[in-house]
Amino acid sequence: MSSETAGRTDPGLGAGDTRARYRRILRFAAWNLAVTWWYELLLPRIGLVRIANRSRPARMRRFAERFHVLAVELGGLMIKVGQFMSSRLDVLPPEITEELAGLQDEVPPVPFPAIRALAEAELGAPLDAVFASIEEVPLAAASLGQAHRAQLRPGDAADTGLQSVVVKVQRPGIGAIVDVDLAALRKVAGWLSRIRFVSTRANAPALVEEFAKTSLEEIDYHHEAAGAERFAVEFADDARVAVPAVVWERTTRRVLTLEDVTAIKITDSRGLLAAGIDPAEVAPVFAAVMFDQLFTNGFFHADPHPGNIFVTPVADTASGHPWKLTFIDFGMMGEVPPKTRSGLRKLLIAAAARDGKGLVAAITEVGVLVQSADTAGLERAMTHLFARFGGMGFAELREVDPREFRDFGLEFGDVVRSLPFQLPENFLLIIRAMSLTSGVCSSLDARFNLWDSVEPYAAKLLRDERGNFVQDVAAQALDAASVALRLPKRVDGLVTRLEDGSLSVNVPRLERQLARLNRTAERAGWGLVFGALLIAGAVVRASDTVLGSVLMVASVVPLLVGVWAGRRRR
């Protein structure tokens, strides 16, 4: 679905509202880019880095507070941008992530009459005729839609085997809002592309287009329903995972009806403990399930924030735990191409082995570093990083002296800034999924160490890679045997051609160099003749004016021949 289609089919913003929304987003972005440029680029260059460092926490907090207000007031994709920032617990300071964390749930609901009108228009019948009952108070309100509990009518319940369902209805006018927000984000990306520090490391316009593609897919509920069914197939034999069934008869592009699988929110520690579930046991299982999606299946949930994951108690303990992880909201799904998946697997193995050189090689294979990058300094820095901080969890890292981080950052910063980093296509969703996974696991267990999950998983991948290695060796052995069988006949033919002088060798690069050398020698020869005639004419002219003049004029001929010959052979 194109953005133009979304804008035509959805009522909503008028021309004045559209311009006001667009300008407000751009004003916010321009002001904060200017503040960042002043403190992070200009002040350090004129020796005032201490002022920039001292004011950074307060600036980050003010930025987060202002963006929080903007996102809640505007809604739409601004909520999505805020949710992305709130999930980056690994790279963004707590002043930002803590302030924006509420955006996961803090979205004002749309009044039910507007929801009813849109749903009835989409389903082609009054809601009372479609459902036995529907709750007017929303179960959840998100940036693009909101969900209401409902009961299927007896006939539908008999056909589907479901009674309780959740009806997800798109926010009225969201298509037009998404169009405006994407236009503003494209403008900001254009500004960022003119900043050399940003443009050499990320293609901001391409990232916005990737975000746009994902956002437009999210407001097409047919896409989400298909994603849910594919995800269910991927984990059909996995006792750790549950997926809601889709009621296709009550689903359209803007209304989605799913099995009601509401359970304990994954980060609700009190709820988990009340159900006899240890949150610390949930974290490694959740990490392993996400690893399977990214490194094995290649089809992954790209929005696994706490509101989209439930822990469901079950009587069946086939998974080894009396509970399952239930995923919902499949509007934002990602795919990892086979080549990228291979690089990610190698990256995980290298990280688990604390192999700095292998890690850099894997990063290059994935496409984050261009092939021509001089990686020696990065390899040394990664080796140093693993030697000092490798294997530590978030809780342990918090106990490290901040001065040690600062010293390492100064040493590491120059290396990183000198390298041509880039973000390959589809990598934004991979980063989002991994950062959300890390954040959720840390919320479940403050002392959760991701390495404890990475290392056994990497060991499994390594065993798989060794199996592939054996297959590769076998294939290479067959190729070698085939070559060996053909070799005697080919050698005999080569010797015959050498003996009768019919062998010709064609080396294009060498031939070009020889041709260039011949041209240079030829031009030098004509230049020598020109110089000889010119000097001779000058000497003879002193005693014989006529002959001297003839020789000097004649010197022009070899000069022209040399110049013309050089140009003719280019």
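Sequence positions, counted from 1, serve as the residue numbers for this chain.
Between the side chain of D268 and the backbone N or O of I264 there is no donor-acceptor pair closer than 3.5 Å. Checked by atom type and distance alone, the side chain of S442 pairs as donor or acceptor with a backbone atom of S438 at under 3.5 Å. S193 contributes a side-chain N or O that, together with a main-chain N or O of G190, makes up a donor-acceptor pair within less than 3.5 Å. Judged by distance alone, the side chain of E217 and the main-chain N or O of H223 form no donor-acceptor pair under 3.5 Å. R341 contributes no side-chain N or O that, together with a main-chain N or O of F295, makes up a donor-acceptor pair within less than 3.5 Å. Here the side chain of N308 pairs no donor or acceptor atom with the backbone of D329 at under 3.5 angstrom. Formation of a donor-acceptor pair under 3.5 Å by the S342 side chain with backbone atoms of P338 is not found in this model.
Looking only at side-chain heavy atoms (C-beta outward), E218 and E224 stay at 4.5 Å or farther from each other. Taking the side chain as every heavy atom from C-beta outward, M78 and F28 never approach each other to under 4.5 Å. Contact annotation: the side chain of I115 approaches that of Q146 to within less than 4.5 Å [non-hydrogen atoms, C-beta and beyond]. Looking at heavy atoms from C-beta onward, D181 lies out of side-chain contact with Y22 at the 4.5 angstrom threshold. Within the 4.5 Å cutoff, no side-chain heavy atoms of L272 are placed close to those of D278. Looking at heavy atoms from C-beta onward, L74 lies in side-chain contact with R24 at the 4.5 angstrom threshold. Between V208 and V188 there is no side-chain heavy-atom pair separated by less than 4.5 Å. A heavy-atom distance below 4.5 Å is not found between the side chains of T326 and V311.
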**Message:** One pair to check against side-chain contact (heavy atoms from CB on, under 4.5 Å): L348 and L294. What are the steps and the verdict?
**Reply:** CA-CA 11 Å; L348 195 68; L294 287 161; over 6 Å; no

**side-chain contact (heavy atoms from CB on, under 4.5 Å) between V289 and F235, worked out** = CA-CA 10 Å; V289 169; F235 285 94; 4.2 Å; yes

**Message:** Quick one, M60 with E99, criterion side-chain contact (heavy atoms from CB on, under 4.5 Å). Give me CA distance, side-chain angles, the key distance, then yes/no.
**Reply:** CA-CA 10 Å; M60 295 296 100; E99 174 63 29; over 6 Å; no

**Item:** Step-by-step side-chain contact (heavy atoms from CB on, under 4.5 Å) determination, R59 to R62
**Value:** CA-CA 5 Å; R59 284 188 286 110; R62 284 197 301 271; 3.3 Å; yes

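To the nearest 0.5 Å, the span separating CG on N32 from CZ on R27 amounts to 13.0 Å. Rounding to the nearest 0.5 Å places CG of L144 at 8.0 Å from CE of M332. The OH atom of Y221 sits 14.0 Å away from atom CZ of F330, with the distance rounded to the nearest 0.5 Å. Here CG of L42 is found 4.5 Å from CH2 of W37. Values are rounded to the nearest 0.5 Å. Note: L118 CG to I174 CD1 = 11.0 Å, rounded to the nearest 0.5 Å. Annotation: the span from H305 atom NE2 to S435 atom OG amounts to 12.0 Å, rounded to 0.5 Å.
Residue G358 comes nearest to A350 through the heavy atom pair C-CB, 3.6 Å, listed as atom of the first residue, atom of the second, then distance. P44 and Y39 make their closest contact through CD-O, 3.3 Å (heavy atoms, listed as atom of the first residue, atom of the second, distance). Taking both residues in full, the closest heavy atoms of L77 and S215 are given as CD2-OG, 3.6 Å, listed atom of the first, atom of the second, then distance. Taking both residues in full, the closest heavy atoms of P244 and F327 are given as CD-O, 3.1 Å, listed atom of the first, atom of the second, then distance. Residue I79 comes nearest to A71 through the heavy atom pair CD1-O, 3.4 Å, listed as atom of the first residue, atom of the second, then distance. R66 approaches W31 most closely through the heavy-atom pair NH1-NE1, 3.8 Å.
A perpendicular orientation is assigned to the rings of F231 and H301, their planes being inclined by more than 60° (bins at 30° and 60°).
Side chain to side chain, Y457 and D292 meet the donor-acceptor criterion of an N or O pair below 3.5 Å. If you check the side chains of R50 and N53, you find no donor sitting under 3.5 Å from an acceptor.
The existence of a salt bridge linking K213 and E209 is excluded, since no basic side-chain nitrogen approaches an acidic carboxylate oxygen closer than 4.0 Å. Ion pairing of R447 with D445 is absent here, as no side-chain N (NZ or NE/NH1/NH2) approaches a carboxylate O to less than 4.0 Å. No salt bridge links D179 with R21; every basic N to acidic carboxylate O contact stays at or beyond 4.0 Å. A salt bridge links K80 and D303; the closest N-O separation between the charged side-chain nitrogens and carboxylate oxygens is under 4.0 Å.
A cation-pi geometry, defined here as NZ or CZ lying under 6.0 Å from the six-membered ring centre and within 45° of its normal, holds between R230 and F299.
At most 12 heavy atoms of other shown residues, nucleotides or ligands fall within 6.0 angstrom of atom CH2 in W38.
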